[in-house]
Structures are given as structure tokens and as C-alpha cells.
Q: 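Here you go, one structure.
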Amino acid sequence: MSNAQQVKGFGKGWVLIIYAFLCYLITTSIGSAMNIASGILESENGWNAAILTSLISLGSIGNVISGFVFGRLSVKYSSKKLSALCGILYIAAISVMGFATNLWLFGIFLVLANGISVAWGYQLSPVIIANWFPRRKGVILGIVTMGIPVGAGLASVFYNIGYQALGVRGGFIPFIVISILALITLTFLSDRPQDRGFYPDNDPSNNTPLSDKAERKDSSNSIWTTSKLLKTPQVWFYAITLGTHLIFASGLMVQIIPRLLELEYTFDTAIKMMLLCAALSCLGSYLCGLMDGKIGARKSASLTYVFGIIAIVLNLTGTNFGVIASFVFIGAVVGGAANWPASISVELWGADDFARGYGILQPMIQLIGAIGPAFFALLAMATGGYFYSYASGAVLMLVGLILFNLLTDPDFVKKEEAQYANIKKKEVVYTPAD
């Protein structure tokens with residue numbers, strides 16, 4: 001029996017799980033809250049609701065930029081300290097949003113808050129997770145990424161609670177409270193479990209707990225510079241193929257209600273089914289984590305492409321059973337879209353170079369996934385409905401499945417590093433003694 005099988009529970013890692021769950025919840029909160037906040041702000045401040053909603057799409061660009069910036073910073077600086085900085089900046093930004101009386105000031109800080117939240121959750125939390133649970137990262141990610149659909153499903157409720165209690169200025173206060181809770185939890189964590197006297201993976205056989213930071217591997221001589229990563233075709237292959245997951249996940253989640261209305265469900269029923277889909281996405285995240293722990297991230301990612309195809313086939317039946325059943329498989333794809341970039345990056349680069357590889361790969365995936373809502377919406381407009389738009393999702397996942405298994409190499413990092421090591425050996429020049 002392997003050490004990974006012998007070790008049960010997460011020990012002190014539960015603090016990290018709670019913290020990362022809150023961070024992931026925050027990532028979807030602002031965008032989802034705008035579903036209700038845009039109408040309220042239009043009536044209260046006279047702002048245009050359509051412009052407010054469109055600012056979320058603009059925020060996708062900010063997400064990519066912030067992800068890249070903090071991904072690079074996490075290579076040189078403590079992810080814990082950077083996370084604390086993100087938390088402070090996020091709280092400051094949404095505080096300004098609450099008191100803003102100018103639409104464009106509100107919009108600037110909306111984009112800033114959204115970008116900072118994505119860097120905090122998607123970019124920095126996985127770096128700490130990779131250090132604490134290098135072998136069991138799949139299960140951990142499966143749990144903490146449940147915060148994404150929870151945030152998406154409850155953000156409007158949270159905003160309404162704040163608005164009902166304190167008016168427009170209080171709408172975003174619940175998110176400030178959640179952020180403060182995350183920051184409090186962060187104080188009980190370190191970048192590495194060894195710095196707290198704990199074991200990676202909660203496994204005593206993994207490593208002797210140390211607080212001496214000199215024992216940390218020096219990655220300053222790593223070959224995986226930004227330039228090297230961007231020039232490596234395999235990085236692009238992984239970004240493009242994993243990006244298809246995010247196109248599917250982000251695009252379909254936005255288009256579910258229009259599709260249900262097209263199938264002649266009432267608006268109230270469509271809202272309830274959307275919440276059901278969000279709940280099933282939580283289950284999907286957890287199931288992805290279990291699959292990761294059993295068969296690895298790569299095989300699990302391949303399976304979620306298949307789940308996406310099954311989801312579309314079921315949905316296109318138009319039957320009540322088929323539509324509800326499709327939510328189960330859509331939830332698995334949504335969960336996988338959040339899990340696989342981080343989990344696969346750990347398998348490729350290991351914990352030591354994870355921040356370097358993931359810091360470039362994740363923003364690339366985010367950039368590709370940003371076209372998801374427009375991809376499905378434009379096809380629906382061109383074809384006069386969502387049947388063919390949804391059908392294209394099955395084609396997208398089939399193409400992604402083929403390219404992922406055909407183009408990506410699970411050993412490319414080891415091969416590149418071995419090749420580099422051989423080159424350095426050949427460059428050694430031995431000079432005779434005088």
C-alpha cells in the first residue's frame with residue numbers, strides 16, 4: 001500500500017481548505033452579484049444597467065492581466081503575502097464601489113476588484129495548495145473549487161441582503177465580510193506546511209517538518225523562465241486544449257436560462273433549474289477531485305471532455321429528464337475547468353516549479369475561455385436558437401478531446417529539463433592544470 005493510500009484525513013490542511021474555498025467563492029461573487037446589482041444601481045443612481053453588465057465582460061481582460069502579474073510575482077515572492085495584498089486591495093476596491101457616485105469610477109473599480117479576486121483565488125491559492133498537498137492536490141482542488149458555483153449561485157442573495165439592510169452602500173458589505181474571514185484564516189497558514197512544523201500531504205513519511213527556509217529548493221536557476229514557457233509549443237497545446245473546457249463551462253453557464261426559456265420553461269422554473277445546475281457543479285468539482293486522486297489529472301481531464309459531449313446529447317433531447325440529467329455532466333465540466341489547469345500543472349512541473357508554469361498557463365487558459373459566452377451567444381443569433389449553438393458545444397469537446405490526447409505530452413517538462421542538462425554538460429570545458 002502506498003503512502004498516499006495509508007494517510008487519512010487532511011490534518012491541519014483543513015485550515016487551507018476553508019481558506020481556499022472562500023477565495024474561490026470570491027472569484028465569482030462580483031460578476032454574479034451584478035445580475036441583481038445592475039438593476040438596483042440603475043434605479044438608485046440612474047446608471048445604465050446594460051453598461052454595468054458589459055463591464056463584467058471588460059473585466060475578463062483585467063482577469064488575464066492580473067493573473068499574469070500575480071503569477072509572475074508568486075515565483076519570487078511569498079504567495080501568502082501576495083494573497084494578503086490581494087485581500088486588502090479587493091476590500092478597498094469594493095468599498096469604493098459602494099460609495100461611488102460616478103458610473104465610470106464604479107466601473108474602474110469593478111474591473112479592478114474582479115481582476116484582483118481572480119488572481120487571489122485562481123492564481124495564488126493553488127500555489128499554496130501545491131506546496132501543502134503535492135500528491136493529494138486533486139481531492140483538495142475538488143473540494144475548494146466548489147466555492148466557484150457557490151459564489152455564482154449565492155452572490156445575488158448576498159448583495160440583496162446587504163442592500164436591504166443598508167441600501168446601495170451596503171450591497172457589497174457581505175463580500176467584505178467574506179474577504180475578512182479569508183484573511184483571518186490566512187494568518188494560520190504559511191507558504192509551506194514545513195514552516196508550521198507540519199508534513200506535506202499530512203504524511204509523516206513525506207518529509208521531515210522544518211522551519212528552516214534554507215531547505216527550500218532554490219528555483220532561481222530553473223529553465224522555466226517566462227520566455228522559455230511562451231516559446232515552448234507544449235505550453236500552448238495545453239493552454240488551447242484546456243481552454244476548450246473553459247469555453248464550454250463559461251459559455252454554457254451563461255446561456256442556460258435562455259436555453260430553458262427556448263424549451264418553454266417558465267422564467268421562475270428556469271431560475272430554479274439554474275440554481276440546481278450550480279449545486280450540481282459543486283458535486284462535479286468534488287467528483288473531479290475524486291477522479292484525479294484515483295486515475296490522475298490527465299485521464300480525468302479526458303473523461304470530462306466525454307462528459308461534455310454526453311451533456312449536450314442529453315440536453316438536445318429537450319425532455320425534462322434529459323435536460324436535468326445534462327446538468328450533472330455540465331457540472332462535471334465546470335468543475336474540471338477549474339481543477340485541471342492547477343492539477344495538471346503540479347503533475348508537469350512539480351511543487352517547486354509549479355508557480356512558474358501555472359503562472360503562465362492559467363492566464364492563457366483564461367484568455368481563451370473568455371470567448372465562451374460570446375461563442376455560444378453569437379451562434380444562437382446566427383442560427384435563430386440555441387439548438388445548434390449547444391450542438392456546437394459537443395463538437396468543441398470532441399475536438400478538444402482529440403487534440404488534448406494527440407498533441408499534449410505529459411513528459412515534456414522532464415524531456416526539456418533533461419535536454420537542457422545534457423547541453424550544460426557539453427558546455428563544460430576542462431582546462432589542463434598549469
Side-chain angles (χ1 to χ4, degrees), residues 16 20 23-24 27 63-64 67-76 79 82 118-142 144-145 148 191-192 200-201 217 219 222-226 228-246 285 288-289 291-293 295-302 304 335-369 400 404 407-417:
L16 172 59
C23 289
Y24 274 109
T27 61
N63 296 347
V64 175
F68 177 80
V69 170
F70 279 93
R72 291 295 83 200
L73 289 174
S74 67
V75 173
K76 295 184 177 181
S79 293
L82 291 172
V118 168
W120 191 8
Y122 275 98
Q123 207 66 49
L124 296 174
S125 294
V127 177
I128 301 177
I129 290 172
N131 288 331
W132 280 68
F133 293 96
R135 288 203 308 260
R136 305 171 72 194
K137 61 0 183 186
V139 176
I140 301 297
L141 287 166
V144 301
T145 54
I148 296 172
D191 289 289
R192 301 187 313 158
D201 291 306
K217 177 183 174 182
S219 63
S222 171
I223 69 169
W224 298 108
T225 62
T226 300
K228 171 67 175 175
L229 288 161
L230 292 175
K231 291 178 180 178
T232 302
Q234 279 294 321
V235 175
W236 288 91
F237 293 157
Y238 273 99
I240 293 169
T241 52
L242 292 177
T244 61
H245 267 127
L246 194 54
S285 292
C288 284
M291 288 195 304
D292 190 333
I295 62 176
R298 184 177 178 83
K299 291 181 180 179
S300 299
S302 293
T304 49
N339 289 17
W340 305 140
S343 190
I344 287 177
S345 291
V346 175
E347 293 187 356
L348 289 172
W349 285 283
D352 292 310
D353 274 334
F354 171 80
R356 291 179 175 272
Y358 183 73
I360 292 295
L361 182 61
Q362 175 62 15
M364 293 169 68
I365 293 171
Q366 285 281 339
L367 183 61
I368 294 167
F404 180 74
L407 297 179
T408 62
D409 181 359
D411 297 316
F412 88 89
V413 172
K414 294 179 182 177
K415 292 176 181 177
E416 290 279 347
E417 291 177 346

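What you are looking at is a predicted structure, and each value in this text was computed from that prediction instead of being measured.
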Q: State whether the side chain of Asn339 and the backbone N or O of Cys288 hold a donor-acceptor pair below 3.5 Å, judged by distance alone.
A: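 No, because the side chain of Asn339 does not come within donor-acceptor range (under 3.5 Å) of the backbone of Cys288.
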Q: Where do Leu361 and Val235 come nearest, in terms of heavy atoms and distance?
A: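 Here Leu361 and Val235 meet closest at CD1-O, 3.7 Å.
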Q: Is a donor on one side and an acceptor on the other found under 3.5 Å between the side chain of Thr232 and the backbone of Gln234?
A: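 Between the backbone of Gln234 and the side chain of Thr232 there is no qualifying donor-acceptor contact (under 3.5 Å).
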Q: Can you tell me how far CD1 of Ile365 sits from CG of Leu246, rounded to the nearest 0.5 angstrom?
A: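 The CG atom of Leu246 sits 8.0 Å away from the CD1 atom of Ile365.
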Q: Quick one, Leu16 with Ile128, criterion side chain to side chain contact (heavy atoms under 4.5 Å, CB included). Give me CA distance, side-chain angles, the key distance, then yes/no.
A: CA-CA 8 Å; Leu16 172 59; Ile128 301 177; 3.8 Å; yes
Q: Ignoring hydrogens and angles, tell me if any N or O in the side chain of Ser285 forms a donor-acceptor pair with the backbone of Val144 under 3.5 Å.
A: no
Q: With a 6.0 Å cut-off on the ring centroids, do Tyr24 and Tyr122 count as close?
A: yes
Q: Quick one: does Trp236's side chain have a donor or acceptor within less than 3.5 Å of a partner on Leu230's backbone?
A: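 Yes, Trp236 side chain to Leu230 backbone: donor-acceptor pair under 3.5 Å.
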Q: Ignoring hydrogens and angles, tell me if any N or O in the side chain of Arg356 forms a donor-acceptor pair with the backbone of Arg72 under 3.5 Å.
A: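 Judged by distance alone, no pair lies under 3.5 Å.
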Q: Could you please spell out the steps behind the side chain to side chain contact (heavy atoms under 4.5 Å, CB included) verdict for Ser74 and Gln123?
A: CA-CA 9 Å; Ser74 67; Gln123 207 66 49; 5.7 Å; no
Q: Answer yes or no: is there a donor N or O on one side and an acceptor on the other, between the side chain of Tyr238 and the main chain of Asp409, under 3.5 Å?
A: yes
Q: Report yes if the side chains of Thr226 and Phe68 come closer than 4.5 Å at any heavy-atom pair, otherwise no.
A: yes
